[in-house]
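Numbering of ligands and ligand atoms starts at 1, following listing order. What you see is a predicted model; the values in this text were computed from it and never measured. Any value given below was found using the heavy atoms of this structure, including those in side chains, with hydrogens, waters and symmetry copies removed.
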Amino acid sequence: MKSTAVAHANLAFVKYWGKVDSKLNIPTNGSISMNLSNAQTVTTVQFDEELEEDIIQEGEKQILNDSKFAKRVVKQLDIVRELAKTRSRAFISTENTFAKGVGIASSASGMAALTLAAVSALSLDLSEKDLSILARLGSGSACRSIPDGFVEWISLGKHEESYARSIANDDHWDLVDITVVVTQSEKAISSSEGHLLATNSPFFSTRLNNMTARLAKVKSAILDRDFLTFGQEIEKEAIELHAVAMTSSFTQKNTWISGIYYWNEETIKLIHKVQYWRSEGLPVYFTLDAGPTMHLITLSKYLPEVLSAIETFEQSQTIHVKWEKIINYPAKGARIID
Ligand code: DP6
């Protein structure tokens with residue numbers, strides 16, 4: 001009745017942005033990601049017939065059951081309980097190795113670890129595909145944290161056919177992600193909200209029309225370890241997603257808003273710098289999710305050079321900055337660590 005699971009957050013190179021079904025988290029397009037070695041969630045789930053309600057602890061802190069986070073956890077556990085035909089409540093203890101709101105989605109690793117721990121504690125015998133589908137219900141990107149290494153989320157529009165599978169193991173390619181945390185402040189519009197606004201952009205359909213070709217190109221660049229094609233495609237992809245977000249106008253609290261700007265000044269400065277570093281011969285590209293945090297992507301042999309370029313840049317600022325940096329290599333998928 002008790003199990004502990006670990007799952008890594010993942011970074012999408014071709015991103016999930018827009019849903020055809022927002023209850024089931026079925027995306028409008030497939031996506032491709034890599035599990036991040038230094039961003040993981042460890043979750044223990046212990047079912048107990050005596051408990052009257054689920055008790056959730058995050059690190060040392062007990063979480064109030066009417067909080068947004070607790071509601072998401074309970075909703076996901078209810079789905080697993082229904083599958084196992086039990087009403088038993090659980091004690092859930094969860095911990096991230098990385099801070100929330102730093103631009104690494106904790107919902108992916110969190111939901112993947114929670115789902116696997118609950119499934120295993122209730123001795124449900126599920127395939128990796130079924131686990132991925134189940135994790136997706138908690139948070140779309142969580143389905144990609146189930147399989148190993150480099151992962152594709154294929155989605156044919158149907159619940160049973162929207163799941164992630166590995167395209168290459170974690171040791172396939174020595175790619176590195178340097179997560180540069182340019183601000184600790186929380187983003188104003190969550191990715192779940194952003195998904196719903198995506199279709200407001202006039203460029204949404206253009207992005208979708210190019211998606212099949214992009215997915216194929218990024219997948220084969222990973223399989224061929226073709227860093228040049230890979231880097232160019234993922235950088236274009238990130239900018240195109242943000243172009244959609246920036247043109248997804250909406251009205252909030254009676255105010256018209258022209259679009260979602262996830263970038264801040266630091267993000268823009270780093271974008272210019274990455275372009276400059278490349279012109280100087282340093283092979284480095286960037287991608288970003290629904291927030292200002294920059295993910296610099298390079299090969300491990302260039303890591304010292306990229307780190308030193310960032311440091312020189314930090315020191316050159318009129319007001320000196322020292323950003324938190326998290327170095328991530330490809331990692332395994334979710335697993336039980338009892
Ligand atoms: C920009 O998986 O967080 O990171 O399904 O509503 O929980 P929900 O959304 P979520 O969206 C992630 C969006 C993204 C791109 C990506 O990871 O593919």
| task | Return the set of residues passing side chain to side chain contact (heavy atoms under 4.5 Å, CB included) with T229 (not counting sequence neighbours), or none when no residue passes. | result | K217, A221, D226, E233
| said: I need the full list of ring-ring contact (aromatic ring centres under 6.0 Å, His included) pairs touching residues 203-229, with sequence neighbours left out, sorted by first then second residue. | reply: F227-Y285
| field | D21/K158 ion pair, N-O < 4.0 Å | value | no
| At a 4.0 angstrom heavy-atom cut-off, what protein residues surround ligand 1? | A12, K15, Y16, W17, K19, N25, R72, S107, S139, G140, S141, R144, S191, S192, H195, D289, A290
| field | Pair W173 + F230: ring centers closer than 6.0 Å | value | yes
| task | Report the C-alpha separation of T287 and K15 in whole Å, then their side-chain angles, then the decisive distance to 0.1 Å, and conclude whether the side-chain hydrogen bond (donor to acceptor under 3.5 Å, both in side chains) test is met. | result | CA-CA 10 Å; T287 182; K15 295 175 195 289; 2.9 Å; yes
| note | With sequence neighbours left out, the residues meeting ring-ring contact (aromatic ring centres under 6.0 Å, His included) with Y16 are W153, H195
